[in-house]
Protein chains: 2
Amino acid sequence: MAITIKDIARESGVNISTVSRALNDAYGVHQETRGHVLAVAARLNYYPNRVARGLKTRRSHTLALIVSDIRNPFFAEVTRGAEDAARAGGYDLVLCNSDLDPRKQMEYVASLLEKQVDGILMNSVADLSRKQQDQLAASGVPIVLLNRSTASKSFSTVCADNEAGGAMAAQYLLRLGHENIAHLTGPRRHGNLTDRARGFLRFLKAANAKQGITVLHGENSFSGGQTLTQKLLRQQPEISAIFAANDLMAFGAIRAMLELGRRVPEDISLIGFDNLELASVVHPPLTTIHQPKYEMGRAASEMLLRLARNQSKPGSQHLLLGVELIERESCRKRL
Amino acid sequence: MAITIKDIARESGVNISTVSRALNDAYGVHQETRGHVLAVAARLNYYPNRVARGLKTRRSHTLALIVSDIRNPFFAEVTRGAEDAARAGGYDLVLCNSDLDPRKQMEYVASLLEKQVDGILMNSVADLSRKQQDQLAASGVPIVLLNRSTASKSFSTVCADNEAGGAMAAQYLLRLGHENIAHLTGPRRHGNLTDRARGFLRFLKAANAKQGITVLHGENSFSGGQTLTQKLLRQQPEISAIFAANDLMAFGAIRAMLELGRRVPEDISLIGFDNLELASVVHPPLTTIHQPKYEMGRAASEMLLRLARNQSKPGSQHLLLGVELIERESCRKRL
DNA sequence: ATAGGATTCGGAATCGTTTGCAATAAGGGG
DNA sequence: CCCCTTATTGCAAACGATTCCGAATCCTAT
C-alpha cells in the first residue's frame with residue numbers, strides 16, 4: 001500500500017489539510033511546519049496520487065494526440081514536438097492512431113473524454129460527418145486541429161502555409177528557367193495538397209508563364225508518386241521539372257525516373273514538399289519545401305495548454321507557420 | 001457539469017450502487033431495472049468518469065511507453081504495435097521520449113507512477129545506474145523491456161533474435177561466395193548490436209571462413225555508416241561485402257559508396273538489419289534482416305497487460321522473436 | 001493590557017465511483 | 001403456513017487528494 005498524505009499527517013502530527021498545503025506550497029502554512037512535513041514526506045518516500053488529485057481538481061494533466069499513423073515520419077516529427085511541449089508544461093501525452101477512420105476517431109474521443117483529458121490534438125476532422133463534428137465541438141474539451149488551414153469556428157488550428165509553399169516551388173522552378181512543368185498531387189479532397197497546388201498554379205499564372213503545366217492526381221504516397229511519374233513521362237517525355245506535393249511522392253518519382261533511365265537533376269528537376277529527414281538521405285538529396293513539423297507540434301501543444309488552462313480567451317485561435325525552400329541537389333538550371 | 005451516476009440514480013429512482021452495478025453489468029441486478037437504468041443513462045448522455053473509477057479500483061487503464069525518440073522509424077513501428085494491442089485491451093498509451101537520458105527516464109517513471117499507470121514499456125534500462133534499476137524494480141509497476149535480450153530477473157523482456165540475425169547475414173554472404181567481408185557496427189556497449197556482431201562472427205568462424213574479416217565500430221546512424229564506409233574503403237579497397245548493423249548505417253554506406261564511385265551490388269554487396277520501411281525505397285533496394293517491429297510492440301503490450309491484470313504468475317517473462325532474411329537487390333554473387 | 005487583524009491550523013465536505021454488508025422481497029420445500 | 005435460500009436493492013464507507021470555513025494563536029498598535 002502506497003504512502004498517502006494521511007500517513008504523513010499522522011507521522012508529523014498535523015492535519016492532512018496542512019500536509020496538502022505544505023506539499024503544494026500553498027499560502028497559509030508556517031515555514032517551520034512546512035519544512036517538517038516535507039522532511040517526513042521525503043523520509044517516507046511519498047509521491048502524490050495524481051488520480052485522486054485529478055478527481056478533485058478536475059484536471060488530469062494529460063493531453064491526447066490523435067494522428068492517422070505514427071509510422072508516417074511526418075507525424076512522428078509533429079508528435080515529438082507536441083510531446084516535448086506538453087512535458088514542458090507538466091502534462092503527458094497519450095497517443096492514438098486513427099488511420100483516419102471516422103469511427104475509430106470518435107471512439108478515441110469518447111474514451112479520452114471519459115479519462116478526462118484536458119485537451120485533444122487531432123490531425124484532421126475532415127472525414128467526420130457534420131454531425132460528428134458538432135458532437136466534438138459540443139463535448140467541451142479544447143481541441144486543436146493540426147495541419148488544417150480552413151479556419152474553423154469551433155476548433156483551433158495550427159498549420160503550415162501550404163499555399164505559400166506551393167508558390168515558392170513555382171518561383172524556384174521558374175527562376176531556373178523551366179518551361180514544361182508538372183505537378184504531382186494527391187486526391188482532390190485533400191485540403192493541404194489542394195492548397196499547395198493552388199499556390200503553385202496561382203504563382204505560375206501570375207508570372208504569365210507561357211509554359212505547358214500539367215497537374216496529375218493520384219495517391220499521395222511513394223507508389224503514387226512512382227505511378228504518376230511513369231504515366232507522366234510516357235505522355236509527355238519533354239517535361240523538364242516536377243513539383244511533387246510531398247516528399248514521399250517525390251521519392252516515388254525518383255524511383256520511377258531511375259527505372260526509366262531519366263536522370264535527376266540532369267534530365268529532370270524535382271522538388272518536393274515536407275522536408276522529411278530522408279530527403280537529405282535519398283539520392284540525389286531532394287530540394288524541397290520545409291514544413292516546420294516539430295514546431296507545428298510544439299505550437300499546437302502550447303496552444304492547447306493555454307486553452308486547457310483558460311489562459312486565453314475562449315473561441316478558436318489559428319496559427320499559420322511559415323515554410324522555407326531547402327535547396328539541395330535535385331534541381332538544376334534548364335539549359 | 002457532467003452527468004454522474006448520482007443524476008442517473010435520481011432520475012431512475014434507484015440507488016447509485018444499483019446504477020453502478022447496472023452499468024458494469026455486475027451480478028445481482030434485475031434485468032428490468034438494468035434496462036431502465038441503461039435507458040436513462042443513454043437519455044442523459046452519460047459517460048463514466050474513469051478518474052473516479054480509477055481512484056477506487058486502483059487501475060488507470062493506461063500503459064506508458066518510453067522510447068528514446070519516436071522519430072526513429074524503428075520505434076514508430078514498435079509504438080504502433082504497442083498502441084494497437086493496448087487499445088485492443090481497453091488501455092491507452094502515453095508516449096514518452098527519453099533521448100536515452102537517464103535523468104529524463106527516471107523523471108518520466110516518477111511522473112507515470114504518480115499517474116498510477118498500470119505498466120511501463122521501456123526500450124532500455126542499460127544506461128541507468130544499478131541503483132536506479134533497483135529503484136525501478138522496487139516501484140511495483142510491471143515493466144517490460146523492449147529490445148533487451150539480457151534476461152533480467154527484475155524485468156520482463158521482448159526482443160528479436162539479434163544473434164540469429166547476425167548469423168543469417170553471415171550465412172547469406174558466405175553462400176554468395178564473399179571472402180573479404182566487413183562488419184560496420186555501433187558502440188561496443190550497445191547490447192543488441194553486440195549480439196548481432198557475435199552471431200555474425202560466430203557463424204563465420206564455425207564455417208571455417210578463411211576470409212579476412214574486419215569489424216569497425218562507430219556511430220550507429222546514417223552518418224556513422226557513411227563515415228565508417230569511407231574509412232573502410234580507404235583502408236581496404238578489396239572488400240567485397242559489408243554487413244551493416246542496422247539499416248540506417250546501411251543507408252549511410254550506400255551514400256558513401258555512391259560518392260566513392262563504388263557500385264552496389266556490382267562492386268560491393270551490402271546487407272542491413274531491421275528492414276525499415278525505407279529499405280525497399282532506397283536505391284538499390286536493400287537486402288536486410290527483418291525484425292518484427294510491429295509484433296515486438298504488440299507482444300510487449302500484451303505481456304504487460306497480462307502482468308498488469310495479474311493474469312500471469314509473477315516473476316519476469318522473456319520472449320524472443322524470430323528474424324528473417326529479406327532478399328532485395330543490394331547483394332550479388334561474388335564473381 | 002487589549003482590541004483587532006493576520007497567520008496558522010484542523011474539521012469536514014467533496015470529487016464520482018466501487019463494494020462489503022445489511023435489509024428486504026421473493027420463491028420453494030416441508 | 002413458516003422457515004430458509006436466493007435474488008435484488010439500499011446504505012455507507014472507502015479511494016486520496018483539495019479546499020472552504022471557522023477556531024485558535026500570534027503579533028502589533030493603541
Side-chain angles (χ1 to χ4, degrees), chain A residues 1-38 40-41 44-62 90 111-118 140 309, chain B residues 1-38 40-41 44-62 90 111-118 140 309:
Chain A
M1 198 83 319
I3 305 292
T4 73
I5 57 170
K6 206 176 291 183
D7 300 312
I8 303 186
R10 187 172 6 84
E11 197 73 12
S12 52
V14 298
N15 188 272
I16 58 164
S17 56
T18 308
V19 174
S20 173
R21 280 186 279 253
L23 257 24
N24 298 324
D25 43 63
Y27 173 80
V29 36
H30 195 88
Q31 274 307 328
E32 197 173 316
T33 69
R34 180 200 306 288
H36 182 220
V37 168
L38 259 39
V40 172
L44 296 187
N45 192 24
Y46 166 80
Y47 60 88
N49 183 328
R50 302 272 172 206
V51 172
R53 183 177 214 271
L55 176 59
K56 181 64 182 170
T57 61
R58 323 190 65 80
R59 9 201 70 204
S60 60
H61 278 255
T62 71
S111 160
L112 294 169
L113 288 179
E114 295 185 358
K115 286 266 183 62
Q116 314 289 118
V117 297
D118 296 332
R309 291 165 169 161
Chain B
M1 198 84 318
I3 305 293
T4 74
I5 57 170
K6 207 177 287 184
D7 299 312
I8 303 186
R10 186 171 9 82
E11 197 74 12
S12 54
V14 298
N15 189 272
I16 59 163
S17 58
T18 307
V19 175
S20 173
R21 280 186 277 253
L23 257 24
N24 298 326
D25 44 60
Y27 172 82
V29 35
H30 194 88
Q31 273 309 327
E32 198 173 314
T33 69
R34 179 200 307 287
H36 182 219
V37 168
L38 258 40
V40 172
L44 296 187
N45 193 23
Y46 166 80
Y47 58 90
N49 184 326
R50 304 268 171 208
V51 172
R53 184 178 214 269
L55 176 59
K56 183 64 183 170
T57 62
R58 323 190 62 81
R59 12 200 66 200
S60 60
H61 278 258
T62 70
S111 159
L112 294 168
L113 289 178
E114 296 185 356
K115 284 269 184 62
Q116 311 290 119
V117 296
D118 296 332
R309 292 165 168 158

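Values below: every heavy atom of this structure, side chains too, minus hydrogens, waters and symmetry copies. Quick caveat, the model's predicted, so the values are computed rather than measured.
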Rounded interatomic separation in angstrom, taking [atom1] from [X] and [atom2] from [N]:
{"X": "B/D7", "N": "C/dT17", "atom1": "CG", "atom2": "C1'", "answer": "13 Å"}
{"X": "B/H30", "N": "D/dT9", "atom1": "NE2", "atom2": "P", "answer": "7 Å"}
{"X": "B/Q116", "N": "C/dT17", "atom1": "CD", "atom2": "P", "answer": "18 Å"}
{"X": "A/Q31", "N": "C/dC9", "atom1": "CD", "atom2": "P", "answer": "10 Å"}

Any non-hydrogen side-chain atom of [X] less than 4.5 Å from a side-chain atom of [Y]?
{"X": "A/H61", "Y": "B/K115", "result": "yes"}
{"X": "A/H36", "Y": "A/V40", "result": "yes"}
{"X": "A/E11", "Y": "A/I3", "result": "no"}

Going through the distances and angles, do A/R21 and A/V14 end up as a side-chain contact (heavy atoms from CB on, under 4.5 Å)?
-> CA-CA 11 Å; A/R21 280 186 279 253; A/V14 298; over 6 Å; no

A correct 5'-to-3' footprint of nucleotides 13-23 of chain D, with B, S and - meaning base, sugar-phosphate only and no protein heavy atom under 4.0 Å, is -BBBBBBB---

What residues, two or more places apart in sequence or in another chain, satisfy salt bridge (Lys or Arg N to Asp or Glu O under 4.0 Å) together with B/D7?
->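 By the salt bridge (Lys or Arg N to Asp or Glu O under 4.0 Å) rule, B/D7 matches B/R10.
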
What are the two closest heavy atoms between A/D118 and A/S60, and how far apart are they?
->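 Reported closest heavy-atom pair: OD1-N, 3.1 Å.
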
